[in-house]
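Written below as structure tokens is the structure these notes are about.
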Amino acid sequence: MKLAVVGAGWAGLSAALTAWRLGHQVHVFESAPTLGGRARAVHAPTLDATIDNGQHILLGAYTATLALMRELGLDVNTLFHRLPLTVHSADGTLRLRAGRALPAPLHIAAALLAARGLRWPEKLAALRAVAALRGQGWRTPPGCTVQRWLERAQQPPRLCNLLWGPLCIATLNTPVEHACAQLFAHVLRDSLGAPDRSASDMLIPRCDLTALWPARVARLAAEAGASGDPGHASPTLEIRHPYTVRRLRHVSACGLALDDLPDRYDAVVVCANTPSTARLLATLPDCPGSTQFLADLDAFEHAPIATLTFQLAAPMHLPQPMLLLHEHRTRNHFGQWLFQGQDQEKRLLHVVVSDADALLAQERNAAVAGVVEQLREQLAMPMPEVSRHALIVEKRATFLARPGLRRPGNRTPWRGVWVAGDWTDTGYPAVLEGAVRSGRDAVLALTAAHETAVPRQEM
Ligand SMILES: Cc1cc2nc3c(=O)[nH]c(=O)nc-3n(C[C@H](O)[C@H](O)[C@H](O)COP(=O)(O)OP(=O)(O)OC[C@H]3O[C@@H](n4cnc5c(N)ncnc54)[C@H](O)[C@@H]3O)c2cc1C
């Protein structure tokens, strides 16, 4: 088969790799100069450094992503800093860490019981909530928000503020009052509730996100191109970027083309975010189901994530690579998580602000000053002077994970056109693992559909 993949984020690259391994001819088109989409390296001119567009963490439960990286010959043990599930606050008032001694899920129960900064009724309430969720097969009532679930599970308000709220914002980028409890339950099921203890591990990249594996795919494509023997029909993997696809066309009974380009494809997988996907699909003629499909894409709302990177005048070693910050928006203390940077000199700190509209509504200098003040107040150690900073805002970082959101599968109503991305019906919120799985699954599904269709056409 000959396949076009639009978008080289983690979904698009996962689709491209899956297709290439299946022996298809693959052309990838990407608008941006850098591969990786919403998880990519950027140059920050104010710091004169390459940093990520936003700090990302992966979980041990990200099995498809880790398998893909291993298949690429990458050593995931060296590429990530792997921590057992750890929630330590910067001020030292909360300390929760899963041990390595007990099997799952006892390691989580033990971590909660031993946690410092939680009161006994809070620890027991948290345990009861997770046990009840497990007993219900990790199902929550239809339409239930995380807030409603917390109320039904009688979680004390202090526990919600200290633990559940920050975990919900970190995983769904949606505040508890709007967040879908079922998606949150899926994340808990596959991390805390998994039979394998390592599923709840937290993986913090040691290199930038483009270098992590997208750059390896680019190298593979370059090698595939360089070794291309015109007489030998080896599978093609070509990545064309920067190139923005503006139009899809049906060109024959079973062929598709992009813009005015000469290539003909058996299938196109659009792996862009929902607004770009909708724009591209709308260039195709209407067909049964197409109006509803576009309306579903239009119903997605998005939330920003801001990342403030501080360059310090002297090195600073955090006690943990990742620390929880207590957020007080009225004081411009917007920071939620603090990360040690990947730089060897330990002069970079990254502060993550999910659901960042409140920060963006502030005058920039006031917001930055507020977060610096927050760090000085909450860090249980002195912080050197901040010499420079960079603020990176991803306005459409993730879709708002509200209950009842209709998320399409990989198939579209248009012949030969498929979609993938973190927003498709992955069962997860907008996360890397969902993106990788959706790209893989789209290609497996379209290949199966093609294989059943071809014999019929040949009859
Ligand atoms: C700041 C931030 C922090 C995050 N933190 C985490 C985290 O800690 N853990 C986690 O699991 N997830 C996290 N996420 C979510 C994660 O980054 C996304 O779920 C994932 O990157 C989405 O991948 P994707 O391939 O579905 O989409 P995208 O990454 O958006 O890829 C789509 C690609 O398509 C390209 N494109 C669009 N239109 C066209 C066109 N017409 N022609 C050609 N190319 C086109 C775009 O340029 C883009 O590269 C975070 C996201 C952000 C922004």
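For reference, positions follow the sequence shown, starting with 1. Fair warning: this is a prediction, and the values are worked out from it, not measured in the lab. Remember, it's 1-based here, ligands and their atoms both numbered in the order they're listed.
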(request) Give, for atom CG of L323 and atom CG of L349, the distance between the pair rounded to the nearest 0.5 Å. (result) 9.5 Å

(request) Quick one: look at Q55 and ligand 1, take heavy-atom pairs under 4.0 Å, and tell me if it's side chain, backbone, both or neither. (result) backbone

(message) Between R407 and T426, is there a side-chain donor-acceptor contact under 3.5 Å, judged purely by atom types and distance?
(response) yes

(request) Quick one: look up the protein heavy atom nearest atom 31 (O) of ligand 1 and list residue, atom name and how far away it is. (result) G9 CA, 3.5 Å

(request) Could you grab the distance from atom OG of S14 to atom CG of D441, nearest 0.5 Å is fine? (result) 8.0 Å

(request) Go through ligand 1 atom by atom and flag the ones less than 4.0 Å from a non-hydrogen atom of C271. (result) 31 (O), 32 (C), 33 (C), 34 (O)

(message) Whether the Y243 and D259 side chains hold a donor-acceptor pair (N or O, under 3.5 Å, no angle test) is what I'd like checked.
(response) yes

(request) Could you tell me whether the side chains of H24 and T447 share a donor-acceptor contact shorter than 3.5 Å? (result) yes

(request) Measure A11 to ligand 1 on non-hydrogen atoms and call it side chain, backbone, both or neither using the 4.0 Å cut-off. (result) both

(request) Measure across D355 and N173 and return the closest heavy-atom pair with its distance rounded to 0.1 Å. (result) N-OD1, 2.6 Å

(request) Say whether Y62, considering both its backbone and side-chain N or O atoms, lies within less than 3.5 Å of an N or O atom on ligand 1. (result) yes

(message) Please check whether W10 reaches ligand 1 - meaning an N/O of the residue sits under 3.5 Å from an N/O of the ligand, judged on distance alone.
(response) yes

(request) Among all protein heavy atoms, pick out the one at the shortest distance from atom 9 (N) of ligand 1; state its residue, atom name and that distance to 0.1 Å. (result) I57 O, 2.9 Å

(message) Determine whether a donor-acceptor pair (N or O, by modelled atom type, separation under 3.5 Å) exists between the side chain of H107 and the backbone of G99.
(response) no

(request) State the atoms of ligand 1, each with its element, that fall below the 4.0 Å cut-off from a heavy-atom position in V6. (result) 40 (C), 42 (N), 43 (C)

(request) Could you tell me whether D422 and R38 make a salt bridge, using a distance below 4.0 angstrom between a side-chain N and a carboxylate O? (result) yes

(message) Would T244 count as a polar contact of ligand 1, with the cut-off being nitrogen or oxygen pairs under 3.5 Å?
(response) no

(request) Under the side chain to side chain contact (heavy atoms under 4.5 Å, CB included) rule, collect the residues that match up with D52, sequence neighbours excluded. (result) D208, L209, Q342

(message) Under 4.0 Å from a heavy atom of A272: which atoms of ligand 1 are those, numbered in the order shown and with their elements?
(response) 32 (C), 34 (O), 37 (C), 38 (N)

(request) For G54, counting its heavy atoms only, list the atoms of ligand 1 lying under 4.0 Å from any of them. (result) 1 (C)

(request) Starting from atom 48 (C) of ligand 1, find the nearest protein heavy-atom neighbour and note its residue, name and distance. (result) E30 OE1, 3.5 Å

(request) Any atoms of ligand 1 less than 4.0 Å from a non-hydrogen atom of G7? List them with their elements. (result) 33 (C), 34 (O), 35 (C), 44 (N)

(request) State the atoms of ligand 1, each with its element, that fall below the 4.0 Å cut-off from a heavy-atom position in G421. (result) 26 (O)

(message) So, 4.0 Å and heavy atoms of E433: is ligand 1 close enough to count as a contact?
(response) no

(message) Please list the nearest protein heavy atom to atom 39 (C) of ligand 1 with its residue and the distance rounded to 0.1 Å.
(response) S31 OG, 3.4 Å

(message) Tell me the protein heavy atom at minimum distance from atom 13 (C) of ligand 1, and give that distance in Å.
(response) H56 CD2, 3.3 Å

(request) Distance to 0.1 Å, residue and atom name: give those for the protein heavy atom nearest to atom 42 (N) of ligand 1. (result) V245 N, 3.0 Å

(message) Testing the basics here: between L324 and L162, what is the closest heavy-atom pair and its distance to 0.1 Å?
(response) CD2-O, 3.7 Å

(message) Under the criterion side-chain hydrogen bond (donor to acceptor under 3.5 Å, both in side chains), I'd like the reasoning laid out for Q55 against W337: C-alpha separation, chi angles, the key distance, then a yes or no.
(response) CA-CA 10 Å; Q55 177 70 49; W337 298 92; over 6 Å; no

(message) Just checking F310 against H350, ring centres under 6.0 Å apart?
(response) no

(message) For atom 19 (O) of ligand 1, tell me which residue out of D422, T424, L209, L58 has the closest non-hydrogen atom.
(response) D422

(request) Give a yes/no on ligand 1: does W423 have at least one heavy atom closer than 4.0 angstrom to it? (result) no

